[in-house]
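See structure below.
Labels below follow one simple rule: chain letters A, B, ... track the order of the sequence lines, proteins then strands, and each chain is numbered from 1.
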Number of protein chains: 2
Amino acid sequence: MQDLSPQQNDQTGIDEAIVSGILSARIRPGTRLGESEVASLFSVSRTRVREAMMRLEQRGIVKVSPRRGWFVVEPSAEEAMMVYAARRVIEAGLLRGMEELTTNGRDRLHAHLAEEKAAIAAGDRQRLTCLMGDFHIRIAELSGNTILVEILRDLTARTILISLLYQSEFHAMQSHLGHCRIVAAMEEGDFLKAAALSVDHLDEVETGLDLTRRPDPLADLRHSLSLPPQTAAAPSNAPRKAKP
Amino acid sequence: MQDLSPQQNDQTGIDEAIVSGILSARIRPGTRLGESEVASLFSVSRTRVREAMMRLEQRGIVKVSPRRGWFVVEPSAEEAMMVYAARRVIEAGLLRGMEELTTNGRDRLHAHLAEEKAAIAAGDRQRLTCLMGDFHIRIAELSGNTILVEILRDLTARTILISLLYQSEFHAMQSHLGHCRIVAAMEEGDFLKAAALSVDHLDEVETGLDLTRRPDPLADLRHSLSLPPQTAAAPSNAPRKAKP
DNA sequence: CTTTCTAAGCTTGTATGCAAGACTTGTCGC
DNA sequence: GCGACAAGTCTTGCATACAAGCTTAGAAAG
């Protein structure tokens, strides 16, 4: 397993270290997170790791398979649709209820869009994944409602896991333009339009998923061997083992 | 402390037993939930209680005060407003996005309204509190989105804690009528109207709160001594101790 | 060569023990 | 009478130990 977090993250807590690893797509769905393994990484006992896992399970980020271990969730197609539906409901609701965009808020959004642009230019895909999710959290932060921010943060984490599972290619530019359009509408003060654009944007991303693709049980091995990812052409009848 | 749950709840888990106690207003905000105390109630070790508490803390239902104990949250006025704002966003978003009311769904809602009516007639306040919160969960269930259902369930739990802290009197009939109006709009197929009514309903309930009232640290003692509840007339400058 | 059964190893599940800190209460000094 | 202080008690924080079950590797039989 790759190092799931820098050492300094001991301060911020095990939970956030793992979530941060997911948000930046360093941790893949289905990754096993053994208690003793994580415990030694953070130089603590299994007890604290377990407590962190319990919290993460509550947040829908990891799941436990009894006596087998903890795993980063691999959302099913159904769950994926629910996550997107929930995000549509919440984000659209947020924007619709917004009344004004403060100059401070506008600056933050512009700064974020600039970061997106820079990451696209640099081709830093990991950073890009993180930023694309963060955009929606930034919007929630404008409302000042920390409850909704936390909810959206967890949904974003799940979204990233979903895209790692079902997204064949990542149209970063398309998403970026979507974000720009939303911000533009907000600057016009037309929050209903922003809400509609947000729904469209999420629809667009969801449509880009291939939800028929079964989660690939060999993904991590494939990745370790530097093989190309599973092609969308042969999704369902891929052989379990390679025949010689 | 009153028995916070029937013995049979051992099966459903400690978490849900406590949440159920809150949803039915048997557990007041600020209640201390000592680890050993709860552990002996459920005949388990502190370990499992601790795990349950961790999950409940993540859900915003309990808080830990270091080396002092676990307490059912006492939402501040700010948090209270955030909870209501979040509920407005989610519930309105849900209704707005709904497209049809199935006959099954209609039956469920009617059954629920009938239960509310019966509880009002019977004057069963505890049951009523539970039902009033459940109504909104029923609506979320119609969407089939279990993620949103779980989110709303936790928000409802917090709402009940809020009303126990800040609601001087409980206008059950008013809330019931609000629910009836929402269902009526849904039956007409006018989900935008239902959404608007839902926002109005939540506004109405929130307006009925007295958010200036400070949480009463002596509430449980007062209750134990059968003294009358703190009057709203002298909220802030009430003496810490009675002067002889 | 294939299949089946068994046993060992590794993983989580749960309890318990000890340590550190906070609050209470009793006592002493003023 | 009143305030400060200190010991004791009670609480959580954390680590460790043991039990139970899943997985897998290896041996044996067909």
On DNA chain C, which is the earliest and which the latest nucleotide, 5' to 3', with an atom closer than 4.0 Å to a heavy atom of chain A? dT11(C) to dT14(C)
Rounded to the Å, how far apart are Leu33(B) CG and dT12(D) P? 10 Å
With sequence neighbours excluded, what pairs up with Thr129(B) under the side-chain contact (heavy atoms from CB on, under 4.5 Å) test? Ala25(B), Arg125(B), Ile160(B), Phe170(B)
So, Ser143(B) side chain and Ala140(B) main chain: donor-acceptor pair closer than 3.5 Å or not? yes
Kindly state each residue pair satisfying salt bridge (charged side-chain N to carboxylate O under 4.0 Å, His left out) with at least one member in residues 135-145 of chain B, sequence neighbours excluded. Asp134(B)-Arg138(B), Arg138(B)-Glu141(B)
My understanding is that only residues two or more places apart in sequence, or in another chain, count here; which of them pass salt bridge (charged side-chain N to carboxylate O under 4.0 Å, His left out) with Arg127(A)? Glu115(A)
State which residues pass side-chain contact (heavy atoms from CB on, under 4.5 Å) with Val72(A); sequence neighbours excluded, sorted by chain then number. Ile22(A), Ile27(A), Thr31(A), Leu33(A), Leu161(A)
May I have the list of side-chain donor-acceptor pairs in residues 79-89 of chain B shorter than 3.5 Å, sequence neighbours left out?
{"from": "Glu79(B)", "atom 1": "OE1", "to": "Ser76(B)", "atom 2": "N", "distance (Å)": "2.8"}
{"from": "Glu79(B)", "atom 1": "OE1", "to": "Ser76(B)", "atom 2": "OG", "distance (Å)": "3.4"}
{"from": "Arg87(B)", "atom 1": "NE", "to": "Glu91(B)", "atom 2": "OE2", "distance (Å)": "3.0"}
{"from": "Arg87(B)", "atom 1": "NH1", "to": "Thr159(B)", "atom 2": "OG1", "distance (Å)": "3.0"}
{"from": "Arg87(B)", "atom 1": "NH2", "to": "Glu91(B)", "atom 2": "OE2", "distance (Å)": "3.2"}
{"from": "Arg87(B)", "atom 1": "NH2", "to": "His136(B)", "atom 2": "ND1", "distance (Å)": "3.4"}
{"from": "Arg87(B)", "atom 1": "NH2", "to": "His136(B)", "atom 2": "NE2", "distance (Å)": "3.4"}
{"from": "Arg88(B)", "atom 1": "NH1", "to": "Asp203(B)", "atom 2": "OD1", "distance (Å)": "2.9"}
{"from": "Arg88(B)", "atom 1": "NH1", "to": "Glu206(B)", "atom 2": "OE1", "distance (Å)": "2.8"}
{"from": "Arg88(B)", "atom 1": "NH2", "to": "Glu206(B)", "atom 2": "OE1", "distance (Å)": "3.3"}

Across nucleotides 16-25 of chain D, 5' to 3', mark each nucleotide with B, S or - according to how protein heavy atoms within less than 4.0 Å reach it. BB--BSSS--
Determine which pairs satisfy side chain to side chain donor-acceptor pair (under 3.5 Å) with at least one residue from residues 51-62 of chain A, sequence neighbours left out, and list them in order. Asp15(A)-Arg55(A), Glu16(A)-Arg59(A), Glu51(A)-Arg50(B), Arg59(A)-Asp154(A)
For residues 47-76 of chain A, which residue pairs qualify under ring pair (Phe, Tyr, Trp, His ring centres under 6.0 Å), counting only residues two or more places apart or in two chains? none
